[in-house]
Each structure stands twice: as C-alpha cells, then as structure tokens.
Amino acid sequence: MSRTAAETHIKELGKIFDICAAKDGDSKTMNYNEFEEMINTNFPNIAKGQNLKEMMAKLDKDCSGELDKTEFGKCIGNFIAKC
Ligand SMILES: [Ca+2]
Ligand SMILES: [Ca+2]
C-alpha cells in the first residue's frame, strides 16, 4: 500500500527533526540553537511572537536541556492544536 499524504507529512516532520538536530553532530537530540533554527526555518508563522526559550523549556519534559524526538512531537502537537 502506498503511503498516504498524512503519512508522508509525518515522515517529513521526522526528517526536519533529523536534519536540524544533526547540526552539532548529535542527531538524536536538539539543543537550543538547533531548535531556534528549526523554528525560524520551518515554522516562522505558527511560532510567531512566541518566546522560544520558554517554549523549549516547556517541551523539555525530562529537563535534559535538549529535545528528543518525542519532545519534538509534542511541539508539533501544540502547533496542530493552534491550527
Ligand atoms: Ca543535536
Ligand atoms: Ca529533553
């Protein structure tokens, strides 16, 4: 069965994480600089006017200082809720 449009979009979002998180050589987690660049490059309209530091702090559930893919998923979930 070929991939649906929805599945393709989900896959693309995962790819965005992989590409942005890999900037510092560790593609498993996204540090603040990577997060900021990811938002500014990919979600400038949706995230407009938001405090990115606060946003990241809220998403970072395990307080590791970086976002893993699950935490990134919550970020996307928040965006969907706002759309
Ligand atoms: Ca990284
Ligand atoms: Ca984390």
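One is the number of the first residue; the rest follow in order along the sequence. Whatever order the structure lists ligands and atoms in, that order sets their numbers, starting from 1.
With 3.0 Å as the limit, Lys23 does not count as an N, O or S neighbour of the Ca ion (ligand 1). At least one N, O or S atom of Thr29 sits under 3.0 Å from the Ca ion (ligand 1).
Looking only at its N/O/S atoms, Asp60 has OD1 as the one nearest to the Ca ion (ligand 2). Closest N/O/S atom of Asp24 to the Ca ion (ligand 1): OD1. Among the heteroatoms counted here (N, O or S) of Glu66, O is the one nearest to the Ca ion (ligand 2). Of all the N, O or S atoms in Asp62, the one closest to the Ca ion (ligand 2) is OD1. Looking at Asp26, its N, O or S atom nearest to the Ca ion (ligand 1) turns out to be O.
By the 4.0 Å N-to-carboxylate-O rule, Lys15 lies close enough to Glu12 to be salt-bridged with it.
Contact check for Met38 versus Phe43: side-chain heavy atoms found under the 4.5 Å cut-off. The shortest side-chain heavy-atom distance between Glu36 and Lys53 does not fall under the 4.5 Å cut-off. Annotation: side chain of Thr29 is not in contact with side chain of Leu67 (no heavy-atom distance under 4.5 Å).
At the Ca ion (ligand 2), the angle from OG in Ser64 to OE2 in Glu71 is 160° when rounded to 10°.
Across Lys61 and Glu71, no two heavy atoms sit closer than the pair N-OE2, 3.3 Å. Contact between Met56 and Gly65 at its shortest, heavy atoms only, is CE-O, 3.3 Å.
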